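Worth saying up front: this structure is predicted, and the values here are computed from it rather than measured.
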Amino acid sequence: MTTGAAPGGQVQQRGELRIHLGAAPGVGKTYAMLCEARRRKERGTDVVVGLVETHDRARTAELLDGLEIVPRRPTRFGGELDVAAVLARRPEVVLVDELAHTNAPGSDRMAGSASSASGNPKRWQDIEELLDAGIDVLSTVNIQHLESLNDVVEKITGVRQRETVPDEFVRRAEQIELVDITPEALRRRMAHGNVYAAEKVDAALANYFQVGNLIALRELALLWVADEVDTALQRYRTEKRISETWETRERVVVALTGGPESETVLRRATRIAKRAGQADLLAVHVLRGDGLAGAPVGATTALRKLADDVGASFHTVVGDSGAGGVTDALLEFARGVNATQLVLGTSRRSRLARLFDEGIGARVVQESGSIDVHMVTHAAAGASALRLPRLHSAVPLDRRVLGWVLAVLGPAAATLIGASLYEIVGLSTDVVLFFLATIVAALVGGLGPALLAALLGGLLLNFFLTPPLYSLTISEPENAITVVAMLIVAVLVALVVDRAARRGEQAARARTEAALLASFARTVLTRADPLPRLLEKVREAWGLRCVALLEHEDGEWRRVATSGPPECGRPEDAEVDVAVEPGLHLIGTGRALPAHDRRLMETVGGQALLALRSQRASEEALRAQRRAEINETRGALLSAVGHDLRSPLTSIKAAINSLRDPLLRLSGTDRAELLETVEESADRLTGLVDNLLDSSRLASGAVAPLLERIGYDEVAARALLSVPDGPRVRLEIPGDLPDVTADVGLLERVVANLVDNALRHGGGAPVVLRASAHEGRAELRVVDSGPGVPKKQREKLFAPFQRLGDRRATSGVGLGLSVARGLTEVMGGTLTAEDTPGGGLTTVISLPMAPAPRVASRGVVGGGTACSPDEVAADSVQP
C-alpha cells in the first residue's frame, strides 16, 4: 500500500482495490461484489454504491436494497460514475462495476472535481483517483478485457474487445478474487433467462457462449490467476529468504550437458512435465567455471533451439570449478525457481572412473533434499574413458603454487637443519621442525601441499634422522606414529585453511554484492531517468556485451531500455534471461553468469522494475501536471476574457447604437467623443488579441525570432508610438550605447507592454526609460514611481493571468508581462523586476550586445525632458 500527501499536509494512505475476476459475463462477479459489500456493511464499514450495473437481473438488484447509492453523473448515454460526488462523500468503501468500461465522451464532471475540465476516458482511471484519495474500491472485470489477452480472446471467440484495461493496473490490486462457474452451469443460467433477456439468449448461446469458447476463457482466467498467485509466492519467498522447495506447483528442471544424451533427457523431461499436469519446464545448461569438460562448440545454440521446440524456457548458469561446483550451481538454480522435480542423464563415466569420483548425478541425489530427482538412461551412459578426479580448493592459485614450493623446500630445510645438528638436538626437535614445515605448507597452499609436505617430511625424517639411518625401515613404533600424526595434522590444518579461504571468499563476494546493490539502489533513487544508467552499471559489473529490459507488447518484444550494441532483441537470443514479471524480462548477452550472480541479477531485475514504474509514474504525473496547467490556463483565460473582452465590446456597441439612433441628436463634439470611445475600445481589443496570440505561440514554441542589430533608442521610439500616454515617458538613453542583437518587432512589443504596464500602475508619475551596458550585455530599464511590488511577489508578475490582486475593470487579461518575458527569452535575453530607488518598480530588459560597434554615432535622445512620440521620432539620428 502506498502513501501520498493529503491536502492538510498529512500523509494520505492509498486505498485498497479488490477485483472480482470472471471468465465471461454472467458468472456472478457483480453478485459476489454486492455480497462482499453487504458483509462489510454488516461489520460497520461505511459502504456506498458508486456504480453497479444490474443488467435487469432481479437477484442482483435485490442485493442493492439497503445500500447507499451515490447518484450517477448524467450523460447523453445514461449515467456515469460521479467521481466528484464520491470524493465529496468520502466513504470507506465504494463499489464501481465494470472496471474496463469506457466513459461516455463529451461529458464533464461536476463542478469542484479535480478533473472537472477534462474527465477520464476510462473507468479504471476514475478508480485510480478514488484509490489515491484513500478510498477502498470493489470492482469487477472479465478476463477478455485484459490488454495482454485481447488478441488471444479474439482468436478464440472471433470477437475483438474494444474495452480493455492494462494488466499492470489489475496486478496492483491488493486482492483478486476469481468468480468461477462451469461452462455448462453458465449456459443453463443463460437458458433460464438469468443473464440476458429472452430474445438475446439463442444468439448468445450459438455464438460467444459456445461450450468450447467458455472452456477456453475459463482456462485463461484460471491460468492468469495462477500466474499471479505464483508471482506473489515467489515475491514472498524472496522477501523471507526461503530456499527450501514448496511443492505448491509442479515445476520440472532438466539439466543439459550439451552432449549426445541431451535430446533424450529433454524429451523425457517433457513427458514428465506433461504427465504432471502441464507443469512448467525449465532447461538449464551449467557451464564449469574453469572452462574444462564443457559442451562442444555451438552446443548452447542447439540446446536453446531444442528447448524452444518442446516449450521449455532455456537458462544458462556457471558453476565453480569441479563437479561439486556444478552440482551446487544446479541445485541453487532449482531451489531458486522452486522446482519440484529435477531430471538428469545418467553419467557417461565408466564404472572405474566412478570409483574415484561418484559424479554429478550421485551428488545431486544426495544433496537434493525435497526435490525429486529422475535419472534418465541413454545410449552414451558409461561410455566415457577414465578421468582422474580433480581436487578443488578455495585457496587462490598463487597461494597454491607457493604452497607446493614450500611443501618441497620446508621438509628439505628441516632435514638439512636436523642433519647438521644431529649431535646436538634429539629426534623430538627434528619432529617439531617437520611439523612446522607441514603446517606452513598447509596454511599457505591448502590440502594438496599439506599432504605432500607430510609425506615428504615423513620419508625424509625416517631416512636421514631416524635409526637405522639412510633406510626407510621404521624400527620403532613411535616413529610410525609420528609420520601418521604428521599426516593427520596436515589434513586438519589444511581443512581449516580451506574452510577459512571459502569463508573469506564468501565474505568478499557478499561485500561485492552489497556494494553493487547499494550502487544500483543509489542509481534508482537519485536519478530522474535511472534505467539507462542502471543497465550500464549491470553491463560493466558482469562484463556483458549488451543488457536490455524487454517488454512483451502486441505479440512482440519491445526494448524499454538498453545498454550496449542493439543486439538484445529477444530473451531466446540471450545468455542471461531473468523474468522480472510476466511480460518483462531483463536479458544480457556476451557470457553466461554463475548461479550466485544470476540470483543477484534477479534482485537487480526487481530494482529495474521499480525504476520503470517510477519513471512511468513520473511521466504520468508530468502529463497530469501539464493537463492541470492547461486546465488552469483555460479556466483563467475564460474567467479573464469573460470580462476584459466583454467590456470594450460593450463600449463599442453602446457608442455605435448612440451614433445610429435617429432620435438622438448629437453635437459634433459628442459624435467625436463616441467615435474616440469606439477607437479606444477597438485598440484595447487589438492589444488583448495580440497578447493572447503571442501567449499561444510561445506555449507551442512557434516563435522564431529574426535577430539583427538594433539600438534601444530606435526601439523605444517605435514602441512609444503605440502607447496612448507616450508624452508621460522620458527617455534617458546614451547616444554611445552599443547596439543589441534582437528581433526588432518582438523587442518593440516587449517595450510597449512594459511601458503600458508602468503607466497604468505607476500612480500617475512619469515613466523613465534608462539604458546601460555591462559585461557584454545592454540593459533597458523601465522605471516607474508607483506603489511597487513586494519582493516575494515579483515572479508572479510574469505568470499568465496575474494582476496581483487587482481586479478592477482595467484592460488586459494579465498576459502583458508574461508575453514580454517569453518574447525576451526567445531572443536570448532576460526580463526581471527590481525596486525603484525611492519607491516603485523597475523592469529590466537584458540582451546581448551586437558583435561590433556601429560606425555612425548618435546624440543623447530626449535630453531628460518629457517629449511626445513624434518628437522622439524626429530626434532619432539617421545613419
Side-chain angles (χ1 to χ4, degrees), residues 18-42 47-70 72 77-81 93-102 123 137-146 149 153-154 156-165 170 175-222 224-225:
R18 176 169 179 167
I19 297 176
H20 295 80
L21 175 68
V27 297
K29 302 180 302 298
T30 304
Y31 190 91
M33 179 180 66
L34 287 169
C35 290
E36 175 64 22
R38 297 185 72 87
R39 283 193 294 270
R40 297 195 183 194
K41 183 175 178 61
E42 291 172 358
V47 181
V48 301
V49 176
L51 187 145
V52 169
E53 299 288 356
T54 63
H55 298 290
D56 298 327
R57 298 166 189 167
R59 296 185 60 188
T60 303
E62 290 174 359
L63 293 178
L64 287 171
D65 294 341
L67 295 176
E68 179 184 347
I69 301 177
V70 177
R72 298 189 184 190
F77 304 96
E80 295 289 357
L81 173 66
V93 181
V94 60
L95 277 64
V96 183
D97 207 1
E98 297 184 357
L99 178 64
H101 175 76
T102 300
R123 187 168 292 167
V137 178
L138 303 181
S139 188
T140 64
V141 72
N142 284 326
I143 193 67
Q144 67 263 29
H145 294 299
L146 295 181
L149 300 177
V153 173
E154 182 181 8
I156 294 171
T157 64
V159 178
R160 184 168 187 82
Q161 300 295 330
R162 301 190 180 279
E163 293 185 330
T164 59
V165 60
V170 179
Q175 298 183 61
I176 300 177
E177 178 179 333
L178 179 63
V179 182
D180 188 35
I181 188 175
T182 64
E184 293 77 12
L186 179 56
R187 286 172 60 85
R188 285 197 302 271
R189 181 180 290 179
M190 291 193 64
H192 294 159
N194 295 330
V195 179
Y196 290 153
E199 62 273 12
K200 299 180 180 180
V201 171
D202 291 339
L205 291 175
N207 294 283
Y208 191 88
F209 288 86
Q210 298 179 42
V211 174
N213 291 353
L214 296 178
I215 293 175
L217 292 174
R218 187 186 187 199
E219 183 178 17
L220 284 177
L222 292 171
W224 194 90
V225 173

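Contacts of A204 classified as side chain to side chain contact (heavy atoms under 4.5 Å, CB included), with partners at least two apart in sequence or in another chain: M190, Y196, F209. Judged as a side chain to side chain contact (heavy atoms under 4.5 Å, CB included), and not counting sequence neighbours, the contacts of I69 are V49. Every residue was checked against the salt bridge (charged side-chain N to carboxylate O under 4.0 Å, His left out) condition with R38, not counting sequence neighbours, and none meets it. By the salt bridge (charged side-chain N to carboxylate O under 4.0 Å, His left out) test, E154 is found to be paired with R160, residues two or more places apart in sequence or in another chain being considered. Taking R59 as the reference, Y31 meet the side chain to side chain contact (heavy atoms under 4.5 Å, CB included) condition, with sequence neighbours excluded. Every residue was checked against the salt bridge (charged side-chain N to carboxylate O under 4.0 Å, His left out) condition with R189, not counting sequence neighbours, and none meets it. Every residue meeting the side chain to side chain donor-acceptor pair (under 3.5 Å) condition with E68, not counting sequence neighbours, appears here in chain and number order: R89. Take E36 and apply the salt bridge (charged side-chain N to carboxylate O under 4.0 Å, His left out) test, not counting sequence neighbours, and it matches R18, R39, R40. Looking at residues two or more places apart in sequence or on another chain, you find no side chain to side chain donor-acceptor pair (under 3.5 Å) involving Q175. With sequence neighbours excluded, the residues forming a side chain to side chain contact (heavy atoms under 4.5 Å, CB included) with T182 are E184, A185, R218, listed by chain and number. When the ring-ring contact (aromatic ring centres under 6.0 Å, His included) test is applied to Y208, no partner is found at least two apart in sequence or on another chain. T102 pairs by the side chain to side chain donor-acceptor pair (under 3.5 Å) definition with K122, not counting sequence neighbours.
Side-chain contact between D97 and S139: absent, with no pair of heavy atoms (C-beta onward) separated by less than 4.5 Å. Side-chain contact between L34 and L64 is present, with at least one heavy-atom pair separated by less than 4.5 Å. The closest side-chain heavy-atom distance from L95 to V47 is below 4.5 Å. The side-chain heavy atoms of R72 and L81, taken from C-beta on, include no pair separated by under 4.5 Å. L67 is listed as a side-chain neighbour of K41, based on a closest heavy-atom distance under 4.5 Å.
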Start with the C-alpha distance between R57 and V195, add both sets of side-chain angles, then the distance that settles side-chain contact (heavy atoms from CB on, under 4.5 Å), and finish with yes or no. CA-CA 7 Å; R57 298 166 189 167; V195 179; 3.5 Å; yes
Stepwise, does the side-chain contact (heavy atoms from CB on, under 4.5 Å) test hold for V96 with L138? CA-CA 6 Å; V96 183; L138 303 181; over 6 Å; no
Begin with the C-alpha distance, continue with both residues' side-chain angles, and end with the deciding distance and a verdict on side-chain contact (heavy atoms from CB on, under 4.5 Å) for L220 and V153. CA-CA 9 Å; L220 284 177; V153 173; 4.2 Å; yes
For the pair I19 and V170, evaluate side-chain contact (heavy atoms from CB on, under 4.5 Å) and give the outcome as yes or no after the intermediate values. CA-CA 8 Å; I19 297 176; V170 179; 3.9 Å; yes
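In terms of heavy-atom proximity, P183 sits nearest to L214 at CB-CB, 3.7 Å. Nearest heavy-atom pair across T54 and A61 is CG2-CA, 4.0 Å. Of all heavy-atom pairs spanning A221 and L178, the tightest one is CB-CD1, 4.1 Å. Pairing each heavy atom of L63 with each of C35, the nearest pair is CD1-SG, 3.9 Å. Listed here is the closest heavy atom pair of H145 and A100: CB-CB, 3.7 Å. For V94 against G50, the heavy-atom pair with the smallest separation is CG2-N, 3.6 Å.
Without hydrogens or angle criteria, E219 side chain to A216 main chain gives no donor-acceptor distance under 3.5 Å.
A distance of 11.5 Å separates CD1 in I156 from CD1 in I215, rounded to the nearest 0.5 Å. Here the straight-line distance linking atom CG of L149 with atom OG1 of T164 works out to 11.0 Å at 0.5 Å rounding. For the atom pair CG of L21 and CH2 of W224, the computed distance is 6.5 Å after rounding to the nearest 0.5 Å. To the nearest 0.5 Å, the span separating OG1 on T60 from CE on M33 amounts to 9.5 Å.
No side-chain donor from either of E53 and H101 sits under 3.5 Å from a side-chain acceptor of the other. Using a 3.5 Å distance cut-off with no hydrogens or angles, the side chains of N213 and T157 do not pair a donor with an acceptor.
Each of V165, V137, N142 was checked for a side-chain contact (heavy atoms from CB on, under 4.5 Å) with L99, and the lone residue meeting it is V165.
Residue D56 qualifies as open at atom CG: its count of foreign heavy atoms under 6.0 Å is 12 or below.
Salt-bridge check for E177 with K29: failed, with every basic side-chain N at 4.0 Å or more from each acidic carboxylate O.
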